[in-house]
Amino acid sequence: MADAVSLVDLKFEYRKGRPVLDIPSMRVAAGERVFLFGPSGSGKTTLLGLMSGVLRTTVGQVQILGQDLVKMSPSQRDAFRGSHVGYIFQLFNLIPYLTVEENITLSCRLSPERRKRLAGKSLATAARDVAARLGIDGLLKESVTALSVGQQQRVAAARALIGTPELVVADEPTSSLDHDHRERFIELLFEATKAAGSTLIFVSHDRTLQPLFDRAIALPEINRASKLEAAA
Amino acid sequence: MVVLSLAWHSLKNRKLTTWLTVISIALSVALLLGVENVRTGARESFSNTISGTDLIVGARGGSLQLLLYAVFRMGSATNNITYESYQHFAQHPAVAWTIPYSLGDSHRGFRVVGTTNDFYEHYKFRRDRKIEFAAGKMPEGIFDVVLGSDVVETLKYKVGDKIVIAHGISTKTIQDHADKPFTVVGILKRTATPVDRSVYISLYGIEAVHIDWSDGGPPMIGEEVPADKIKKDELKIKQITAFLLRTKSRIDTLRLQREVSTFEDEPLQAIIPGVALAELWRTIGFAEDALQVVTLFVLIVGMLGMLVSLYTSLNERRREMAILRAIGAGPMKIISLLVLESGLLAIAGSVLGVALIYGLSFVAQPIVEQQFGLYLPVQPPTSTGYIYLAAVVVSGILIGFVPAVKAYRNALLDGLSARL
């Protein structure tokens, strides 16, 4: 099976001469659940931005599902992301003026490619299925502003997972949850990604979660830029 | 479609600012269309001050002067025309009807118009509206008088009152025809035209009050002819000031006009009211341009208000843009979202503005007509009105590009890390 993610000689800087990332190699196998950790400011979110094609570098290779994002045009990257990547933010994942169901189905409505992945299921059915898996099917018609933070994160997970994208990227999705909710959320996320057959890259600075995952990657260890900075 | 629904929901979510923006656009649109309405209404009212008349005939002189004294009861004629000349054209085979005017006297500031009952039968204004009586009836006797509605309103006369006509058109005249008082027999309904500002008597009445005058002066004391001694068939009408003429067939208008101006017995001129009114409007119509410029500025301010409200909302919406980017929305979608929002605001503002101005004109129409003599037609927007509406929507969409490009640049800058 091809790698879900394969980075080769990736370099990225926001400002010239101040490299944030310099990763000689990083690979994530398809279906793997990877725990990516590092202290705040170590470039975790930046790395996720590069892997999902929101940010762009010209140096190195960013192969996602066998395709090199570096060689794509911006609109190709947007389409690729919409179709193949599910993204969960740390907080405030939802569009405040849409209902839970509208938020979940938004990625499918914006991306025709993603919609095709529903395999003939209607949007409403697909939303209900993925919501049921995450235990929020009773909330579909609610306004998202009425939800607790834990419920909001599940809605975000449902949106990331609808249409079974190959890659799910979660950026500290549990940092605003208390301990019990945290474990519960991760369990649900695992079940859902497993059912969808998705690869999961889960970013956190909370190492207590690490044992739950197949593998852990310490960003500072693979990132030469942070070593340089530490040395300087 | 998705983006349209997003734009719609997003606007709904920011109810207060959305409403304020829509209302400010609506007010500018209403003002713009309102001014346009008043403008066309004023022009319409003006050019329909008199209708159904093909030619106005008077003694040769300025055509504007003829228009002013014959239609607007302003200024005065330099010369009269003989009754014979009038009869010549009144009997002309191509002529349907005529309305003679004999001017020169007044009653407390209001012009006295000597005419015949043809006036009440044929005179038309605002396309096809005829003179109507609010009270009383057409004059029959020599000393019967009919009053325009402004006269009645100002001087509080009623049918049966006796009034005295003054010689000349100044309010401070010292010569009046006190020996021959007139009786009010009729009061005209309001027309919102200069018809309202006149006092109407018969041509015989005009002749009667001057019967004992000679060489432009009043009779010597003791030589007055008492009113009760004057009989209609003893009166000989010698001259009138002007007359309105209607042809049997419109095609004859120009031929008749030429015939009048080349009339050999007397130097006459004939003007076509529509042409003369349009000419006059051009000379006094510059004020409408100034009004329009002011209104355009109001509209610009309204649109800038929308720009400000959209632009300032962007900061709160950085998060929203980051989410949209994360789920695959490209720059085009982000831009079209904001452009659609401003487009929707402009459309909503225009629709509300149109509703507002129509509601308002519907309510205000009778009041404006009463107060200002200005008839505002409640009709679909003029072509200029449609151009304005289209301009509002198009500029709304164009203005949307400003916040849209800013939002797109924010989204590029923020990537996925936008804080709330």
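Remember, predicted model here, so these are calculated numbers, not experimental data. Each chain gets a letter, A, B and so on, in the order its sequence line appears, and its residues count up from 1.
Within a 6.0 Å sphere centred on CZ of A:Phe190, other residues, nucleotides and ligands contribute more than 12 heavy atoms. Enclosure of atom CH2 in B:Trp8 is not indicated, since only 12 or fewer non-hydrogen atoms of other residues, nucleotides or ligands lie within 6.0 angstrom. A 6.0 Å sphere centred on NZ of A:Lys11 holds more than 12 heavy atoms belonging to other residues, nucleotides or ligands.
For B:Arg14, no part lies near chain A; criterion is any non-hydrogen pair under 4.5 Å. Of the two parts of A:Leu98, only the side chain, counted from C-beta on, holds a non-hydrogen atom closer than 4.5 Å to a non-hydrogen atom of chain B.
The CE atom of B:Met332 sits 11.5 Å away from the CG atom of A:Asp78 when rounded to the nearest 0.5 Å. The structure places OH of A:Tyr87 at 12.0 Å from CZ of B:Arg325, a figure rounded to the nearest 0.5 Å. Here the CE atom belonging to B:Met321 is positioned 8.0 Å from the CD1 atom belonging to A:Ile95, to the nearest 0.5 angstrom.
Looking only at side-chain heavy atoms (C-beta outward), B:Leu6 and A:Leu106 come within less than 4.5 Å of each other. A heavy-atom distance below 4.5 Å is found between the side chains of A:Leu110 and B:Leu324. With contacts defined as side-chain heavy-atom distances shorter than 4.5 Å, the pair B:Ser5/A:Arg109 qualifies.
The shortest non-hydrogen separation linking B:Ile327 to A:Arg159 is CG2-NE, 3.6 Å. Contact detail for B:Ala322 and A:Phe89: the closest heavy-atom pair is O-CZ, 3.8 Å. When every heavy atom of B:Asn13 is checked against every heavy atom of A:Pro96, the shortest pair comes out as ND2-CG, 4.4 Å.
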